[in-house]
Trainee: 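Take this structure, written in structure tokens, and hold onto it; I'll ask about it next.
First listed ligand is number 1; within each ligand, the first listed atom is number 1.
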Amino acid sequence: MGQGSSQDPPGDDKQSQDDDAVPSGAVAGPRLYTAKFGNHQWPIKVGQNHKRLVTANILRETKEDIVEPLEITEDELLVVHTQEYLNSLKSSYNVALITEVAPVAIVPNFVLQRKLLSPFREQTGGTVLAGKLARDRGWSINIGGGFHHCSSSEGGGFCAYADITLCIKFMFNHLDNISKVLVLDLDAHQGNGYERDLGMDSKVFIADVYNRWIYPNDREAKRYIDKRIELDLHTEDTVYLGVIKTLLPEVLNDFKPDMVIYNAGTDILKGDPLGLLDITDEGVRDRDELVFTEVRKNRGIPILMLTSGGYQRNNAEIIANSIINLHSKGLITGPSE
Ligand SMILES: [Zn+2]
């Protein structure tokens, strides 16, 4: 695949030219996401994570380890989104509805495009690129993305672009040997956006574990979940990890995916104002370890991790520590290892 075609996955693709020499995974795009709006912490944790992982010697300041995605283009977004929906983002009022931050409605749209939507498009480009990297190298982590409330025709819950749907469409359309994808959604919220887009697609299996009492409670989208586990408020580590330990082998053995998209939201953490679950820092670490062990170590299936939701000051640190743990357990390895 050459660069520049509107049908190619967005991003700096130079790394994949010598994949044989670089057989391990990569982290897509951590340095470019700088927007900050309302109380949402995505853009902040991206930068912090990058620094922490460099300090831990997991990433180095080289193109080999860190791949910066390009912003996804309108033509590429149109693979999934309707023109009508993309046009609706030219209204600040509509962007305010999606972000649920009321003052956004009075911000000039060109400012929103530059400060908010452009970083979202970079993260979306990161998810699509990370799909290719995961296929080529076995694993990838997009430190960002996971906009699981956005569907092709409707944004919501701070999600303006349907990055998961886009990533899957690009994989099916452009990557060899990817014909069955499992979306494993362990964010605290139901992933109603891609569920609406992909629920009828038999090549996609959707496993979603979420708090039943919070946003979005999308009943129509629930019908599209192949394996649905609804948690109660303030679920703790033992119950949560027990559920995932049972779920993973069952789903992986039955569906036998060629790729797993792991939506690893950390809004499951105790104290999260939106997730309302009671998972500890160690619980997040153990969850991620469990997933990478079952998917990658035990079955050799490529995995793409997205960091998705998380609304506390310490999310960056906890995600970084979990990635460091994955590395120390040999579940992810750097290019030179
Ligand atoms: Zn969430």
Trainee: Indicate yes or no: does Glu230 engage Arg228 in a salt bridge with an N to O separation below 4.0 Å.
Mentor: yes

Trainee: In Å and rounded to the nearest 0.5 Å, what is the CZ to OG distance from Arg196 to Ser153?
Mentor: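 Rounded to the nearest 0.5 Å, the CZ-OG separation comes out at 8.0 Å.
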
Trainee: What atom name does the N, O or S atom of His189 nearest to the Zn ion (ligand 1) carry?
Mentor: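 Looking only at N, O and S atoms of His189, the one nearest the Zn ion (ligand 1) is named ND1.
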
Trainee: Return yes when atom CD of Glu154 has more than 12 non-hydrogen atoms of other residues, nucleotides or ligands closer than 6.0 Å, and no otherwise.
Mentor: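 It does not: Glu154 CD has 12 such atoms or fewer within range.
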
Trainee: Passes side chain to side chain contact (heavy atoms under 4.5 Å, CB included), Arg212 versus Asp232? Steps please.
Mentor: CA-CA 6 Å; Arg212 69 196 306 172; Asp232 278 314; 3.5 Å; yes

Trainee: Measuring from the Zn ion (ligand 1), name the closest N, O or S atom belonging to Asp187.
Mentor: OD1

Trainee: From the N, O or S atoms in Asp267, identify the one nearest to the Zn ion (ligand 1).
Mentor: OD2

